[in-house]
Amino acid sequence: MPIPVPHHPVRVRIAPSPTGDPHVGTAYIGLFNAAFARAHHGTFVLRIEDTDQKRSSLASEQAIYQSLHWVGLRWDEGPDIGGPVGPYRQSERSAIYQHHCAQLLASGAAYRCFCSAERLDQVRADQRSRKETARYDGYCRGLDAQHAQAQADAGQECVIRLRMPTDGETEVPDALRGSVVYDNRQMDDQVLLKSDGLPTYHLANVVDDHLMGITHVIRAEEWLNSTPKHLQLYAAFGWQPPVFVHMPLLRNADKSKISKRKNPTSLQFYQRSGILPEAMLNFLGLMGYSRKDPEGDDIEKFSFEEMVADLDLGRISLGGPVFDLEKLRWINGLYIRSLAPSQLAQRALAWLDEDERAGEIASLIQERVPEFGDYLHHASPFYRGTLDYGLQARYLLMGCTAKKKTAVRLSAKASRAVFEDLVGQFEALTDWSVPAIEQAVRSAVEKSGVGLGDGMMAIRVAACGRPASPPLFESIHAIGRATLLVRLRHVQALLADPRMLVEALHAASSELEAARQALQFATEAAQPATDTSGPAAAT
RNA sequence: GCCCCGUUAGUCUAGCGGUCAGGACACGGCCCUCUCAAGGCUGGGACAGGAGUUCAAUUCUCCUACGGGGCACCA
């Protein structure tokens with residue numbers, strides 16, 4: 001299905017919220033927006049949706065700029081570079097939303113609601129127990145507008161809700177799905193303006209998209225179900241809605257929506273572990289999308305420009321693509337191999353150089369580096385993304401030292417408990433500092449009943465992949481939370497897999513066999529060569 | 001629970017009524033080779049199930065199953 005393109009210039013946007021680490025999903029949607037804009041000689045806008053005061057942060061906003069730049073996305077307008085329809089940060093647009101909201105209030109398309117959070121919770125709980133769709137029950141819908149206004153003026157807290165039609169249907173034209181029809185009775189009287197005076201996503205989004213002249217809203221599928229509300233808003237304002245394109249959601253291996261619990265979702269993780277930005281972009285361009293050569297075979301490797309050259313969003317496939325690290329690594333290898341050796345050297349060095357942890361890492365390994373040649377060996381656990389855990393590492397992960405292999409099963413269970421506790425603590429840590437890390441590690445080990453030495457060894461191996469490392473807490477700090485959590489979860493998966501134990505034992509027995517053979521070989525070699533001549537002696 | 005979207009091998013995908021169902025990652029084998037990679041060749045592996053429409057369904061329609069998303073004063 002071709003994407004409708006009006007005659008006026010194309011304007012698209014991405015609108016990330018600056019909460020937490022810059023997300024691969026943002027880059028994914030950004031890629032398709034940027035490519036679409038470029039293909040139509042349009043404009044790509046970056047808008048920051050920071051209306052959630054509690055969760056938004058400036059640091060996160062900066063990280064978004066950094067990471068999007070890293071993958072090679074460039075926007076034409078945004079909070080950092082300005083543009084003709086700013087401001088581009090929603091927290092700076094409060095007056096605009098309030099003004100538009102007043103308009104809806106005046107026309108009767110919206111109304112004030114004084115319901116308490118407790119009452120709303122109660123209503124929802126009741127509805128759920130009656131197996132109905134949970135939504136606002138319209139308690140304040142009939143309130144007299146003048147009276148409500150007076151109450152609000154008197155200082156009573158309230159929100160402003162959209163008055164949705166109570167019958168009929170809303171048809172959502174989606175460029176990839178055709179029209180999707182919603183029964184209006186299913187829909188909620190969505191809150192538009194929160195009691196803190198800031199808009200919700202829905203209001204801000206519609207107002208901004210209109211005011212910024214957005215022609216195509218290319219966003220993730222999770223928004224499809226709220227599009228009818230947005231359409232009602234456009235109608236209430238008397239505005240023409242944009243073309244909607246809902247992209248499939250990136251998935252974890254188990255097909256659920258991609259999440260940091262199950263996958264590294266932070267772009268910084270990939271940057272740090274040495275994924276080339278062009279490989280990352282290429283990989284994202286393969287998610288739900290494909291290009292083919294004249295023979296009809298799929299093209300796996302392509303640049304942004306090549307993607308733009310024959311872009312057709314209508315070819316996007318709707319099944320949720322699993323974000324497969326294996327394939328990402330393969331593509332990355334493709335790019336690394338295509339570099340001239342001098343370029344590779346240059347880029348690898350630049351990669352090391354741009355890592356802000358350089359000094360911290362150097363100070364940790366300094367004592368262990370008799371000559372520069374040893375530097376790479378000691379530094380590598382800090383720069384890698386995921387780690388491989390060999391035989392010895394697996395034993396140690398299971399909480400076993402060489403002395404206590406007999407206690408394997410018991411220890412594996414205890415070490416699982418350590419890692420589970422630790423992941424929980426590290427996720428919750430607000431302060432990623434060495435003392436906080438130390439406290440978390442100590443408490444996790446103590447709670448499990450594993451000896452401090454064995455427990456810390458298991459954690460060290462999980463964190464660094466080897467039993468010898470700089471001091472653990474400092475090392476964990478330098479590795480960083482995102483990467484460390486990826487490693488811990490990897491280890492958890494290993495420990496939860498009974499095959500790991502079998503494999504470890506199997507590997508141990510073949511190692512033993514190899515040792516036996518080596519011994520035999522050595523014994524024979526040590527004997528005086530009496531009859532080594534002639535083939536007959538071999539028997 | 002209700003609403004919506006989806007479903008080609010373990011994974012990413014091609015296919016848009018008639019194909020030996022194509023390519024790629026991963027996996028196995030062989031070749032190359034001082035090792036390891038890389039590369040080449042090669043093998044196994046898929047249309048979720050059931051009805052219908054049609055001379056003909058992976059492709060169109062419906063039902064079922066399964067997966068996912070949404071149902072906040074979060075985006």
Side-chain angles (χ1 to χ4, degrees), chain A residues 1 15-20 23 25-26 48-56 90 113-117 120-121 123-124 127-136 157-161 170 172 174 176-178 180-188 190-205 219-229 246-258 283-293 295-301 314-331 333-334 336-338:
Chain A
M1 203 174 318
S17 343
T19 55
H23 202 276
T26 305
I48 293 291
E49 305 223 336
D50 56 351
T51 57
D52 183 347
Q53 293 291 33
K54 291 185 211 82
R55 298 197 302 150
S56 298
Q90 288 186 333
C113 168
F114 298 88
C115 293
S116 66
L120 294 175
D121 286 343
V123 168
R124 268 190 288 272
Q127 284 167 335
R128 253 170 230 243
S129 69
R130 272 180 280 128
K131 304 184 174 186
E132 292 169 10
T133 300
R135 59 189 215 275
Y136 184 58
E157 275 210 347
C158 68
V159 300
I160 295 173
R161 286 179 185 276
T170 303
V172 175
D174 180 88
L176 302 177
R177 279 160 261 257
V180 182
V181 178
Y182 290 87
D183 185 336
N184 289 339
R185 278 165 300 203
Q186 292 294 334
M187 286 186 300
D188 209 356
Q190 187 59 56
V191 171
L192 301 177
L193 209 64
K194 299 181 266 191
S195 57
D196 63 4
L198 288 176
T200 57
Y201 168 82
H202 307 282
L203 203 230
N205 196 263
R219 55 162 35 153
E221 185 177 3
E222 58 189 328
W223 299 111
L224 184 58
N225 285 330
S226 42
T227 310
K229 291 167 190 166
H246 289 96
M247 300 281 297
L249 248 24
L250 259 26
R251 309 292 185 92
N252 299 312
D254 66 2
K255 294 276 188 182
S256 55
K257 174 167 98 167
I258 195 166
F283 177 64
L284 291 174
L286 251 17
M287 299 279 90
Y289 192 69
S290 67
R291 301 175 62 242
K292 42 187 177 174
D293 63 23
E295 280 84 57
D297 292 342
D298 293 0
I299 299 174
E300 304 286 336
K301 184 174 184 245
R315 285 212 323 266
I316 290 167
S317 61
L318 266 13
V322 171
F323 194 88
D324 181 12
L325 280 311
E326 207 76 58
K327 187 142 184 176
L328 206 211
R329 285 166 66 84
W330 172 75
I331 289 181
L334 233 44
I336 285 179
R337 273 171 253 136
S338 71

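Labels below follow one simple rule: chain letters A, B, ... track the order of the sequence lines, proteins then strands, and each chain is numbered from 1.
- Of the two residues contacting RNA chain B, namely His202(A) and Gln190(A), the nearest-nucleotide position lying further toward the 5' end is that of Gln190(A).
- Within 4.0 Å of Arg124(A), counting heavy atoms only, lie sugar-phosphate atoms of the nucleic acid but no base atom.
- In this structure, Met187(A) atom CE and rC71(B) atom C1' are separated by 12 Å, rounded to whole Å.
- At the heavy-atom level, Glu300(A) lies under 4.0 Å from base atoms of the strands shown.
- In this model, a side-chain donor or acceptor of Lys327(A) finds a partner on the base of rA24(B) within 3.5 Å.
- Taking the C1' atom of each, rA57(B) and rG15(B) are spaced 13 Å apart, rounded to whole Å.
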Q. Going through the checks in order, is the side-chain contact (heavy atoms from CB on, under 4.5 Å) test met by Leu286(A) and Ile331(A)?
A. CA-CA 11 Å; Leu286(A) 251 17; Ile331(A) 289 181; 3.5 Å; yes

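- Out of rC5(B), rA75(B), rC71(B), the shortest distance to the side chain of Asp188(A) is found at rC71(B).
- Rounded to whole angstrom, the span from the NZ atom of Lys255(A) across to the P atom of rA48(B) amounts to 12 Å.
- rG40(B) and rG23(B) have their P atoms separated by 14 Å, with the value rounded to a whole Å.
- Annotation: rC31(B) and rA37(B) have their C1' atoms spaced 16 Å apart (nearest Å).
- The side chain of Lys257(A) lies closest to rG69(B), out of rA38(B), rG6(B), rG69(B).
- Contact check on Asp324(A) versus Lys327(A) returns no salt bridge, with no Lys/Arg side-chain nitrogen under 4.0 Å from an Asp/Glu carboxylate oxygen.
- A straight line from CZ of Arg291(A) to C1' of rA14(B) spans 14 Å, rounded to a whole angstrom.
- Contact annotation: Lys194(A) reaches the phosphate of rA75(B) (side-chain N/O to OP1 or OP2, under 4.0 Å).
- Between rG70(B) and Arg135(A), no contact under 4.0 Å exists linking OP1 or OP2 to a side-chain N or O.
- Met287(A) comes within 4.0 angstrom of sugar-phosphate atoms only, judged by non-hydrogen atoms across all strands, and of no base.
- Put simply, Lys292(A) has no side-chain N or O that comes within less than 4.0 Å of OP1 or OP2 on rA24(B).
- Asn225(A) places its CG atom 17 Å from the P atom of rA75(B), with the value rounded to the nearest Å.
- Distance Arg219(A) CZ to rG69(B) P: 17 Å, rounded to the nearest Å.
- At the heavy-atom level, Thr19(A) lies nowhere under 4.0 Å from the strands shown.
- Counting only heavy atoms from C-beta on, Val322(A) has its side chain closest to rU11(B) among rA75(B), rA24(B), rU11(B).
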**Q.** Met247(A) and Glu221(A): CA distance, side-chain angles, deciding distance, side-chain contact (heavy atoms from CB on, under 4.5 Å) verdict
**A.** CA-CA 5 Å; Met247(A) 300 281 297; Glu221(A) 185 177 3; over 6 Å; no

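- Across all strands, Cys115(A) comes closer than 4.0 Å to base atoms (heavy-atom distances).
- Pair check for rA51(B) finds rU61(B); Watson-Crick or G-U wobble, both atom distances under 3.5 Å.
- Using a 4.0 Å heavy-atom distance criterion, Arg55(A) is classed as a base contact.
- Across all strands, Ser317(A) comes closer than 4.0 Å only to sugar-phosphate atoms, never to a base (heavy-atom distances).
- Checking the phosphate oxygens (OP1, OP2) of rG67(B), no side-chain nitrogen or oxygen of Ser256(A) falls inside 4.0 Å.
- Listed nucleotides rG68(B), rA26(B), rG22(B) differ in distance to Asp297(A); the shortest reach to its side chain belongs to rG22(B).
- Interface remark: the Asp298(A) side chain does form a donor-acceptor pair with the rG22(B) base, using a distance-only criterion of under 3.5 Å.
- You'll find the side chain of Ser226(A) reaches within 4.5 Å of the side chain of His202(A), heavy atoms only.
- Residue Arg161(A) has a polar side-chain atom (N or O) positioned under 4.0 Å from OP1 or OP2 of rC73(B).
- Within 4.0 Å of Val159(A), counting heavy atoms only, lies at least one base atom of the nucleic acid.
- Nearest-nucleotide assignment on RNA chain B puts the 5′-proximal partner with Tyr182(A), out of Tyr182(A) and Ser195(A).
- Remark: C1' of rC74(B) and CG of Leu192(A) are 15 Å apart, rounded to the nearest angstrom.
- When the P atom is compared between rG28(B) and rC5(B), the two are found 42 Å apart, to the nearest whole Å.
- In the model, Tyr201(A) has no side-chain atom that pairs as donor or acceptor with a side-chain atom of Asp52(A) under 3.5 Å.
- Nearest to the side chain of Glu326(A), among rC25(B), rU13(B), rC4(B), sits rC25(B).
- One interatomic measurement links the two molecules: CG of Leu318(A) to P of rU7(B), which rounds to 7 Å at whole-angstrom precision.
- Within 6.0 Å of the CZ atom in Arg329(A), the count of heavy atoms belonging to other residues, nucleotides or ligands does not exceed 12.
- Considering only side-chain atoms of Gln186(A), the nucleotide from rC3(B), rC5(B), rU13(B) that sits closest is rC3(B).
- Look at CG on Asn184(A): it is 15 Å from P on rC3(B), rounded to the nearest Å.
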